[in-house]
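Take a look at the structure set out below.
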Amino acid sequence: MASSSSYYQEMQEGFRNNNKSREFPAHSAKVHSVAWSCDGKRLASGSFDKTASVFVLEKDRLVKENNYRGHGDSVDQLCWHPTNPDLFVTASGDKTIRIWDVRTTKCMATVSTKGENINICWSPDGQTIAVGNKDDVVTFIDAKTHRARGEEQFKFEVNEISWNNDNDMFFLTNGNGCINILSYPELKLIQSINAHPSNCICIKFDPTGKYFATGSADALVSLWDVEELVCVRCFSRLDWPVRTLSFSHDGKMLASASEDHFIDIAEVETGEKLWEIQCESPTFTVAWHPKRPLLAYACDDKEGKYDSNREAGTVKLFGLPNDS
């Protein structure tokens with residue numbers, strides 16, 4: 001039996017003792033994106049309230065360090081520099097991206113782009129930032145000079161974008177259910193994989209470089225072998241379109257979430273359910289800590305019983321000791 005794997009038993013035991021979630025006030029409106037710095041010391045969140053927040057992880061809690069203002073519209077996605085734990089970048093509907101430095105708490109650079117930005121990623125070598133907008137244009141920005149190196153207009157709906165871990169291929173998930181794989185930096189189409197029967201929403205690479213996962217509007221998560229480009233298995237416990245994915249630091253767990261009122265945590269090698277985190281509302285974003293089995297996430301929560309229309313804007317942390 002696969003479920004008797006020692007890893008499975010160890011993780012189940014771990015979550016039995018550490019399945020507490022705690023929430024931390026972060027924003028005045030819904031949180032679209034959470035991400036950990038590469039050293040795991042900080043968590044950043046981006047919100048509909050046009051700001052980003054950064055927390056410092058102390059033993060069992062997140063302590064708010066700063067709020068980053070400047071964007072004129074919603075911060076839809078953010079990510080950290082792959083190797084410098086002080087820099088992160090935000091993508092906004094205000095047609096700019098901003099690079100921030102947590103040491104000075106200042107905006108180091110504002111780069112104007114052509115459209116309303118909805119997704120962003122930093123290349124594994126740290127040299128380039130790719131940002132995608134609502135018009136399906138992806139702009140490649142030099143992270144040092146802050147100038148656009150080039151842009152690519154696509155003829156399909158571009159959802160999420162990512163480099164592979166080796167930095168020599170660029171992946172896009174699209175509205176036709178395909179994964180488009182381009183050579184990098186040439187951006188020539190290598191392959192287009194028909195991954196799902198409907199809209200392919202999100203994509204993540206595992207830290208070991210062995211797999212990538214995609215989440216789709218068909219409520220499935222598919223796991224792909226990076227070398228062979230074949231689907232290894234599917235995870236089908238969610239009922240709603242899969243919005244967000246994250247691999248654990250060792251590549252052995254995969255968290256996925258949707259409008260279902262739980263986050264699924266699967267063992268990558270067997271597809272079995274390791275745990276589920278109960279939520280009271282749809283989940284927008286999940287991110288495993290880069291060193292520990294701690295999951296940051298944010299949901300579409302409402303404030304309390306009196307005003308059910310006000311958004312809570314909290315960031316949550318799962319995996320804390322039950323007695324904490």
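Computation of the quantities below employed the complete heavy-atom set of this structure, encompassing side-chain atoms and omitting hydrogens, waters and symmetry-equivalent molecules. Because the structure is predicted, anything quoted here is derived from the model rather than measured.
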message: With a 4.5 Å cut-off on side-chain heavy-atom distances among I, L, V, M, F, W and Y, is there a chain of contacts connecting Leu238 to Leu223?
response: yes
query: Got a sec, which residues hit salt bridge (charged side-chain N to carboxylate O under 4.0 Å, His left out) with Arg61, two or more places apart in sequence or on another chain?
result: Glu58
- prompt: Any donor-acceptor pair under 3.5 Å linking the side chain of Asp49 with the backbone of His27?
  reply: no
- request: For Asp136 and Val158, indicate whether the former's side chain and the latter's backbone hold a donor-acceptor pair under 3.5 Å.
  value: yes
- request: Check for a donor-acceptor pair, side chain of Asp260 on one end and backbone N or O of Phe262 on the other, with a separation under 3.5 Å.
  value: no
message: If hydrophobic clusters are built by linking Ile, Leu, Val, Met, Phe, Trp and Tyr wherever their side-chain heavy atoms come under 4.5 Å apart, do Leu57 and Phe24 end up in the same one?
response: yes
- prompt: Is it true that Asp250 and Lys252 make a salt bridge, defined as a side-chain N closer than 4.0 Å to a carboxylate O?
  reply: no
message: Between Ser37 and Arg42 (side chain of the first, backbone of the second, donor and acceptor by atom type, cut-off under 3.5 Å), is there such a pair?
response: yes
Centroid separation Tyr184 to Trp163 less than 6.0 Å: yes
message: Check this for me: Arg69, atom CZ, are more than 12 non-hydrogen atoms of other residues, nucleotides or ligands nearer than 6.0 Å?
response: no
Listed partners of Asp135 passing salt bridge (charged side-chain N to carboxylate O under 4.0 Å, His left out), at least two apart: none
Any donor-acceptor N/O pair, Asp60 side chain to Leu320 backbone, under 3.5 Å: no
query: Would you say the ring centroid of Tyr297 lies under 6.0 angstrom from that of Phe318?
result: no
- prompt: Does the side chain of Asn199 pick up a donor-acceptor pair with the side chain of Asn159 at under 3.5 Å?
  reply: yes
Sequence-distant partners of Lys95, salt bridge (charged side-chain N to carboxylate O under 4.0 Å, His left out), two or more places apart: none
task: State, to 0.1 Å, how close Pro85 and Val102 come at their nearest heavy-atom pair, and which atoms those are.
output: O-CG2, 4.3 Å
query: What is the distance from atom CD of Glu311 to atom OG of Ser281, rounded to the nearest 0.5 Å?
result: 10.5 Å
message: Tell me if the CD atom of Glu280 is crowded by more than 12 foreign heavy atoms within 6.0 Å.
response: no
- request: Take Ser92 and Arg98 through the test side-chain hydrogen bond (donor to acceptor under 3.5 Å, both in side chains) and record every step on the way to the result.
  value: CA-CA 8 Å; Ser92 168; Arg98 285 175 176 251; over 6 Å; no
message: Salt bridge or not between Glu269 and Lys210? Use side-chain N to carboxylate O under 4.0 Å.
response: yes
- request: Under the side chain to side chain donor-acceptor pair (under 3.5 Å) rule, collect the residues that match up with Ser198, sequence neighbours excluded.
  value: none
- request: Check the pair Gln153, Glu151 against side-chain hydrogen bond (donor to acceptor under 3.5 Å, both in side chains), reporting the backbone distance first and the verdict last.
  value: CA-CA 7 Å; Gln153 169 78 60; Glu151 56 179 44; over 6 Å; no
query: Under the criterion side chain to side chain donor-acceptor pair (under 3.5 Å), which of Asn117, Asp94, Asp76 is the partner of His71?
result: Asp94
query: Would you call Leu245 and Val221 a side-chain contact if the rule is heavy atoms closer than 4.5 Å?
result: yes
field: Distance-only side-chain donor-acceptor flag, Thr214 / Ser222, under 3.5 Å
entry: yes
field: Check ion pair Lys20-Asp323 (N to O, under 4.0 angstrom)
entry: no
message: Closer than 3.5 angstrom, by distance alone: can the side chain of Ser248 be matched with the main-chain N or O of Met253 as a donor-acceptor pair?
response: yes
task: Measure the shortest side-chain to side-chain distance between Phe154 and Val138 over non-hydrogen atoms and say whether it is less than 4.5 angstrom.
output: yes
message: Determine whether a donor-acceptor pair (N or O, by modelled atom type, separation under 3.5 Å) exists between the side chain of Trp224 and the backbone of Val232.
response: no
field: is_close_aromatic(Tyr211, Phe247), centroid dist under 6.0 Å
entry: no
field: Chi angles and distances behind the side chain to side chain contact (heavy atoms under 4.5 Å, CB included) call for Val226, Phe212
entry: CA-CA 6 Å; Val226 171; Phe212 65 90; 3.9 Å; yes
query: Does anything in residues 39-60 pair up under ring pair (Phe, Tyr, Trp, His ring centres under 6.0 Å), and if so which pairs, sequence neighbours excluded?
result: none
message: Checking His32 against Ser74: is there a side-chain donor and acceptor pair closer than 3.5 Å?
response: yes
message: Taking atom CZ as the centre, does Arg147 end up with more than 12 heavy-atom neighbours from other residues, nucleotides or ligands that are less than 6.0 angstrom away?
response: no
message: I'd like to know if Ile179 and Leu182 are part of one continuous hydrophobic network [Ile/Leu/Val/Met/Phe/Trp/Tyr, side-chain heavy atoms within less than 4.5 Å].
response: no
- prompt: Salt bridge or not for Glu267 and Lys273, using N-O below 4.0 Å?
  reply: no
- prompt: Got a second to check how far Ile277's CD1 is from Ile265's CD1, nearest 0.5 Å?
  reply: 4.0 Å
field: Derivation of the side-chain hydrogen bond (donor to acceptor under 3.5 Å, both in side chains) call for Gln127 and Asp142
entry: CA-CA 6 Å; Gln127 289 177 20; Asp142 187 309; over 6 Å; no
Check: residues 282-290 side-chain donor-acceptor pairs under 3.5 Å, at least two apart:
| from | atom 1 | to | atom 2 | distance (Å) |
| --- | --- | --- | --- | --- |
| Thr285 | OG1 | Val34 | N | 3.1 |
| Trp288 | NE1 | Ser246 | O | 3.3 |
| His289 | ND1 | Lys291 | N | 2.9 |
| His289 | ND1 | Arg292 | N | 3.1 |
| His289 | NE2 | Gly40 | O | 2.8 |

task: Please step through side chain to side chain contact (heavy atoms under 4.5 Å, CB included) for the pair Ile129 and Ile97, ending with a clear verdict.
output: CA-CA 10 Å; Ile129 295 163; Ile97 69 163; 4.0 Å; yes
field: Main-chain N/O of Glu160 paired with Thr173 side-chain donor or acceptor, under 3.5 Å
entry: yes
- prompt: Judged by atom type as modelled, is there a donor-acceptor pair below 3.5 Å linking the side chain of Ser33 to the main-chain atoms of Leu78?
  reply: yes
field: Worked verdict on Leu254 versus Asp206 for side chain to side chain contact (heavy atoms under 4.5 Å, CB included)
entry: CA-CA 9 Å; Leu254 180 61; Asp206 97 73; over 6 Å; no
message: With no hydrogens and no angle check, just 3.5 Å: does a side-chain donor-acceptor pair link Asn322 and Asn17?
response: no
message: Side chains of Val89 and Ile120, heavy atoms from C-beta outward: is any pair under 4.5 Å?
response: yes
query: With ring centroids as reference points, do Phe140 and Phe170 lie under 6.0 angstrom apart?
result: yes
- request: Drop me the distance from Arg243's CZ to Ser216's OG, to the nearest 0.5 angstrom.
  value: 14.0 Å
- prompt: Considering only heavy atoms from C-beta outward, does the side chain of Ile263 approach that of Leu295 to under 4.5 Å?
  reply: yes
task: Using only heavy-atom distances, determine whether the side chains of Glu186 and Ser183 contain a donor-acceptor pair under 3.5 Å.
output: yes
- prompt: Rounded to the nearest 0.5 Å, how far apart are OG1 of Thr244 and NZ of Lys204?
  reply: 6.0 Å
message: Is there a path of hydrophobic side-chain contacts, each under 4.5 Å between heavy atoms, that joins Leu187 and Phe171?
response: no
- prompt: Would you say Asp168 and Asn164 make side-chain contact, with heavy atoms under 4.5 Å?
  reply: yes
message: I'd like to know if the side chain of Asp264 and the backbone of Ser256 have a donor-acceptor N/O pair within less than 3.5 Å.
response: no
